[in-house]
Amino acid sequence: MWTNWAGGQSSSAPILRPSTLAELQHAVAQPDGMRVVGAGHSFTPIVAGADRILDLSNLNLPTLGQVSEDRVWVNANARLRDLSPALADHGLAFRNLGDINAQSLAGAAATATHGTGRELPCISAEITAASFVGACGDILSTEDIPLEMAQVSLGLLGVLTDAQIAVIPKYSLRRRVTLVPLEETIASMHQKWAEFRNFEFFYIPFTGKAVEICHEMTDAPETKAPRDLDMIAVKVLKLARNAGRYSSGLRSALLKLLTLAQSDEDYVGESWRVLCSDRHIRFNEMEYHLPPDVAGDVLRDVFTRLHRDHPDIYFPIEVRHTAGDTACISPFQGGPRVSVAIHTDAAEDHTRYFADIEPILLEAGGRPHWGKIHSLTYKELSRLYPDFDRFCAVREQLDPNGKFLTSALNKLFRP
């Protein structure tokens with residue numbers, strides 16, 4: 001039985017674990033439908049419903065292949081957390097990463113996973129060439145599949161085996177974390193995205209406070225990593241929510257204590273160690289990417305709706321910024337976007353909250369994160385992406401029998 005990280009998606013389809021490229025080609029060439037799994041950090045049904053599941057964690061490809069100063073061939077099914085130290089051994093690093101690095105590179109790229117930084121693109125945009133196993137078991141490359149389609153594909157064009165990625169010299173970051181009044185954060189967020197290499201913030205529901213996180217490159221010596229208090233903070237937020245069901249005053253008091261206990265953080269370390277952290281509390285997530293010029297007004301609308309209609313929500317709301325790129329179905333195609341991510345405990349029902357917030361984000365021109373929960377179908381998606389139909393035509397040409405489609409994906413990529 002396969003389940004995703006959050007536990008909301010599952011499948012009892014047989015799992016195949018090829019160990020050689022020849023075994024993988026043979027498995028893909030079989031007529032039954034199939035999907036490849038990575039770390040299961042997507043929240044949408046992009047695996048469930050497949051006749052077979054392929055797990056490529058045993059595939060005997062080297063973690064790194066050919067290395068040059070600014071390009072490296074990598075095993076696309078290696079985890080980001082393993083690729084980062086392997087790159088560091090060569091004095092290299094990813095330009096940017098998200099705050100979770102448990103994903104495989106293939107899974108992260110296929111869904112346009114991103115970090116934060118106004119001048120920094122999502123991880124998909126760092127792919128400069130790639131190799132695939134096509135629907136017939138043949139070997140394809142970005143000479144056969146246009147790069148702008150291969151970079152973000154949800155695994156619909158073939159099974160990604162190797163990717164050449166752009167890298168930069170290894171670097172250290174200084175992370176500073178502060179608690180700031182929410183309205184002050186919204187008013188200054190664009191300035192901080194311009195000022196800092198990486199900037200993001202988390203709004204703590206019902207406190208009027210935001211946790212701001214800033215990163216800058218530095219040559220300063222590494223310092224001791226701070227204790228990861230995120231799990232404790234989320235547990236306190238849940239405790240406060242539960243207490244609020246009996247007494248709104250008690251909830252307010254607990255939230256005030258939490259914000260008073262929030263201490264500033266100043267930490268220097270190797271880039272991937274500073275950018276990434278473990279997530280121990282499982283959640284479901286919806287994320288939309290907005291045109292930057294509307295982000296402030298949209299955020300105020302989201303927070304107003306949260307306060308008015310969703311007193312049970314306690315997970316923070318995350319806000320980031322990502323540079324634009326040229327991939328056909330990248331949410332960042334055509335220009336930078338501000339990303340707004342909302343979360344609920346994986347054990348609690350997310351449907352009413354997500355359904356209430358989603359129209360606000362859609363009306364503002366938001367595009368959904370491919371790996372996170374949304375309600376859109378082909379009709380809506382084809383209007384959001386100028387090259388969507390071109391991508392769908394190439395997908396149909398490469399996989400006319402829909403081997404890489406599930407019923408859920410069929411609703412997204414076929415009229």
Side-chain angles (χ1 to χ4, degrees), residues 16-29 34-39 41 53-97 101-113 121-168 272 325-330 394-395 398-399 403-404:
L16 307 176
R17 295 181 173 87
S19 59
T20 67
L21 186 57
E23 288 178 3
L24 173 59
Q25 289 180 266
H26 177 75
V28 174
M34 50 145 292
R35 292 293 297 172
V36 176
V37 295
H41 265 271
I53 291 174
L54 264 64
D55 178 345
L56 305 187
S57 56
N58 292 338
L59 202 60
N60 64 347
L61 295 175
T63 302
L64 301 186
Q66 183 180 352
V67 177
S68 65
E69 287 185 0
D70 60 356
R71 298 283 189 274
V72 178
W73 279 94
V74 303
N75 176 355
N77 294 282
R79 302 292 179 93
L80 297 175
R81 65 188 178 200
D82 297 323
L83 287 168
S84 288
L87 290 171
D89 287 342
H90 291 270
L92 301 169
F94 286 101
R95 190 185 319 273
N96 200 24
L97 288 165
N101 65 350
Q103 308 101 319
S104 66
L105 175 73
T111 54
T113 291
C122 71
I123 201 165
S124 315
E126 304 290 9
I127 294 179
T128 54
S131 296
F132 299 82
V133 175
C136 297
D138 49 336
I139 300 295
L140 302 174
S141 74
T142 40
E143 293 183 1
D144 307 296
I145 302 172
L147 179 62
E148 69 271 17
M149 296 188 184
Q151 288 171 319
V152 182
S153 70
L154 276 76
L156 295 172
L157 307 182
V159 177
L160 183 62
T161 55
D162 307 90
Q164 184 190 60
I165 58 171
V167 291
I168 64 174
W272 66 276
D325 60 48
T326 58
C328 287
I329 62 168
S330 167
V394 171
R395 189 218 62 75
L398 293 172
D399 182 22
K403 180 176 293 186
F404 301 128

For residues 139-153, which side-chain N or O atoms pair as donor and acceptor with protein atoms under 3.5 Å away, sequence neighbours left out?
| from | atom 1 | to | atom 2 | distance (Å) |
| --- | --- | --- | --- | --- |
| Ser141 | OG | Glu143 | N | 3.0 |
| Thr142 | OG1 | Ala130 | N | 3.2 |
| Asp144 | OD2 | Ser141 | N | 2.9 |
| Gln151 | NE2 | Ile127 | O | 3.0 |
| Ser153 | OG | Gly155 | N | 3.3 |

Atom pair [atom1]/[atom2] of [X] and [Y] - distance to nearest 0.5 Å:
X      : Y      : atom1 : atom2 : answer
Cys122 : Arg95  : SG    : CZ    : 12.0 Å
Arg395 : Ile329 : CZ    : CD1   : 11.0 Å
His26  : Leu21  : NE2   : CG    : 13.5 Å

Heavy-atom pair with the smallest gap, counting every atom of [X] and [Y]:
X      : Y      : result
Val159 : Phe404 : CG2-CE2, 4.2 Å
Pro18  : Leu56  : CG-CD2, 3.8 Å
Phe94  : Ile123 : CE2-CD1, 4.0 Å
Leu160 : Ser131 : CD1-O, 3.4 Å
Asp399 : Leu156 : CB-O, 4.3 Å
Ala112 : Ser124 : CA-OG, 3.3 Å

Item to check | Leu59 side chain reached by Leu24 side chain, heavy atoms, under 4.5 Å | outcome: yes

Checklist entry - So do Thr113 and Leu97 actually touch side chain to side chain, heavy atoms under 4.5 Å? => result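 They are not in side-chain contact.
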
Next on the checklist: For Leu105, run the side chain to side chain contact (heavy atoms under 4.5 Å, CB included) check against Asn75, Asn77, Ile165 and tell me which one passes.
Outcome noted: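 The single option meeting the side chain to side chain contact (heavy atoms under 4.5 Å, CB included) with Leu105 is Ile165.
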
Donor-acceptor under 3.5 Å ([X] side chain, [Y] main chain):
X      : Y      : result
Gln164 : Val72  : no
Lys403 : Val28  : yes
Ser330 : Thr326 : no

Checklist entry - Would Thr128 and Arg71 satisfy side-chain contact (heavy atoms from CB on, under 4.5 Å), going step by step from the backbone distance to the final call? => result CA-CA 8 Å; Thr128 54; Arg71 298 283 189 274; 3.4 Å; yes

Next on the checklist: Between Arg35 and Leu54, is the side-chain contact (heavy atoms from CB on, under 4.5 Å) condition met? List the steps.
Outcome noted: CA-CA 6 Å; Arg35 292 293 297 172; Leu54 264 64; over 6 Å; no

Quiz: residues 78-91 side-chain donor-acceptor pairs under 3.5 angstrom, not counting sequence neighbours:
| from | atom 1 | to | atom 2 | distance (Å) |
| --- | --- | --- | --- | --- |
| Arg79 | NH1 | Ala102 | O | 3.1 |
| Ser84 | OG | Leu80 | O | 3.3 |

Item to check | Evaluation steps, side-chain contact (heavy atoms from CB on, under 4.5 Å), between Leu16 and Ile53 | outcome: CA-CA 6 Å; Leu16 307 176; Ile53 291 174; over 6 Å; no

Item to check | side-chain contact (heavy atoms from CB on, under 4.5 Å) assessment of Val133 paired with Thr161 | outcome: CA-CA 7 Å; Val133 175; Thr161 55; 4.0 Å; yes

